[in-house]
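Hydrogens, waters and symmetry mates are skipped; everything else that's a heavy atom, side chains included, is used. Every chain is numbered from 1, with letters handed out A, B, ... down the list of sequences.
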Protein chains: 2
Amino acid sequence: MVTFTALADPKRRRIVELLATGEMAAGEINKHFRVSGPAISQHLKVLREAHLVRVRVDAQRRVYSLDPKGLDELEEWLMGIRKFWSGRLDALERALRADLPPESKKRKP
Amino acid sequence: MVTFTALADPKRRRIVELLATGEMAAGEINKHFRVSGPAISQHLKVLREAHLVRVRVDAQRRVYSLDPKGLDELEEWLMGIRKFWSGRLDALERALRADLPPESKKRKP
DNA sequence: TGTGTATTTAAGATTTGACTTAATTTAGTC
DNA sequence: GACTAAATTAAGTCAAATCTTAAATACACA
């Protein structure tokens with residue numbers, strides 16, 4: 001799950017958010033940030049490897065767009081957690097979750 | 001969105017996966033890894049700050065469980081991206097996505 | 001009150017990550 | 001072919017993250 005590593009950086013999340021509104025060339029993306037070109041290029045590489053973005057070559061330009069695969073993987077992980085979790089939640093645990101007074105189960109050390 | 005930073009580490013993801021199957025004391029969690037106690041304790045702190053886990057005190061033990069808040073925030077971000085994105089997808093973009101021969105739009109530099 | 005257990009906090013070493021400038025690649029134009 | 005534009009790769013620096021061991025804290029029970 002390299003997806004989380006890729007999205008851990010705020011600039012990379014911002015890039016994904018930008019691309020959600022439409023495709024964009026590397027240089028255009030760069031204009032939205034105060035860092036050098038190479039910095040963005042490296043971020044894009046990380047996002048590419050995480051299958052969060054795709055490149056299309058148009059002359060000298062590289063036009064980036066979202067790749068569904070990365071987001072799908074993210075959602076699958078999340079849903080996997082939720083599945084196990086909701087299967088596990090019994091009445092007591094629901095009570096704890098709602099911050100009701102818990103039946104503190106004591107236990108010898 | 002400290003959530004992504006928290007989940008960027010494989011050990012922390014594993015901890016969340018463990019807790020999805022039920023609550024667990026810090027020491028028990030530790031047994032699932034080959035690192036020292038303090039290492040796990042630090043990871044748990046990061047997860048707590050990201051609202052991905054909660055602690056319940058039981059005598060000397062700290063019993064950890066999943067916190068819905070962190071996962072909810074994660075899902076909200078994801079759905080926000082999807083919302084913008086699917087709104088943007090027109091016929092041409094769908095075609096590109098399906099890897100059909102794209103109408104390469106040339107453009108002077 | 002003293003001892004053992006569970007866990008966290010502190011301090012320091014090492015690795016990993018993000019940025020910069022310089023050099024390289026690729027494409028189009030004159 | 002030489003020149004410009006767009007972007008990437010390379011190399012080095014600085015900051016942040018993770019791990020370790022040692023010390024501190026909190027609790028239970030004899």
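The side-chain heavy atoms of B/Val2 and B/Glu49, taken from C-beta on, include no pair separated by under 4.5 Å. Contact of the A/Leu7 side chain with the A/Leu74 side chain is registered, since non-hydrogen atoms from C-beta on lie closer than 4.5 Å. Looking only at side-chain heavy atoms (C-beta outward), B/Met24 and B/Val63 stay at 4.5 Å or farther from each other.
The side chain of B/Lys45 contributes no N or O atom lying less than 4.0 Å from OP1 or OP2 of C/dT7. For B/His43 and D/dA17, the shortest distance from a side-chain N or O to OP1 or OP2 is not below 4.0 Å. Contact annotation: B/Ser36 side-chain N/O to D/dC19 OP1/OP2 distance is not under 4.0 Å. Distances shown here put a side-chain N or O of B/Arg12 below 4.0 Å from the OP1 or OP2 atom of D/dT18.
C/dT20 atom P lies 9 Å from atom CD1 of A/Ile40, rounded to whole Å. Rounded to whole angstrom, the span from the NZ atom of B/Lys11 across to the P atom of C/dT15 amounts to 14 Å. Rounded to an integer number of Å, the gap from B/Phe4 CZ to D/dA17 P is 17 Å. If you take CD of B/Gln42 and C1' of D/dA16, they are 14 Å apart, rounded to a whole angstrom. Atom CG in B/Leu47 sits roughly 14 Å away from atom P in D/dA17 (whole-Å rounding). Look at CG on B/Asn30: it is 11 Å from C1' on C/dA6, rounded to the nearest Å. Taking atom CD on B/Gln60 and atom P on C/dG4, their separation rounds to 14 Å, with Å as the unit. At whole-Å resolution of the value, CZ in A/Arg61 and P in D/dT8 are 12 Å apart.
Contact annotation for A/Tyr64: backbone-only contact, meaning every heavy-atom pair under 4.0 Å involves sugar-phosphate atoms and none involves a base. Residue contacts shown for A/Asp9 are limited to sugar-phosphate atoms, with no base heavy atom under 4.0 Å away. Among the protein residues, B/Ala39 comes within range of the nucleic acid bases, having at least one heavy atom under 4.0 Å from a base atom.
We find that A/Glu17 and A/Arg14 are joined by a salt bridge, their nearest charged nitrogen and carboxylate oxygen being less than 4.0 Å apart.
Set against D/dT18, D/dT21, D/dT8, the side chain of A/Ala26 has D/dT8 as its closest nucleotide. The side chain of A/Pro38 lies closest to C/dT20, out of D/dA28, C/dT20, C/dT8. Among C/dA6, C/dT7, C/dG28, the nucleotide with an atom closest to any side-chain atom of B/Arg62 is C/dT7. The side chain of B/Arg48 has C/dT8 as its nearest neighbour among C/dT8, C/dT20, D/dA28. Here the nucleotide nearest the side chain of B/Val35, chosen from C/dC19, C/dT8, D/dC19, is D/dC19. The side chain of A/Ala25 approaches D/dA7 more closely than any other nucleotide in the set D/dA7, D/dT21, D/dT8.
Annotation for A/Arg13 and A/Ala8: closest pair NH1-O, 3.2 Å, computed over non-hydrogen atoms.
Between B/Val63 and A/Val46, it is B/Val63 whose nearest contact on DNA chain C lies nearer the 5' terminus. Of the residues near DNA chain C, B/Val55 and A/Ala8, the one whose nearest nucleotide (by heavy atom distance) lies more toward the 5' end is B/Val55.
In this pair, A/Phe4 and B/Phe4 present their aromatic rings tilted. The plane angle is within the 30 to 60° band.
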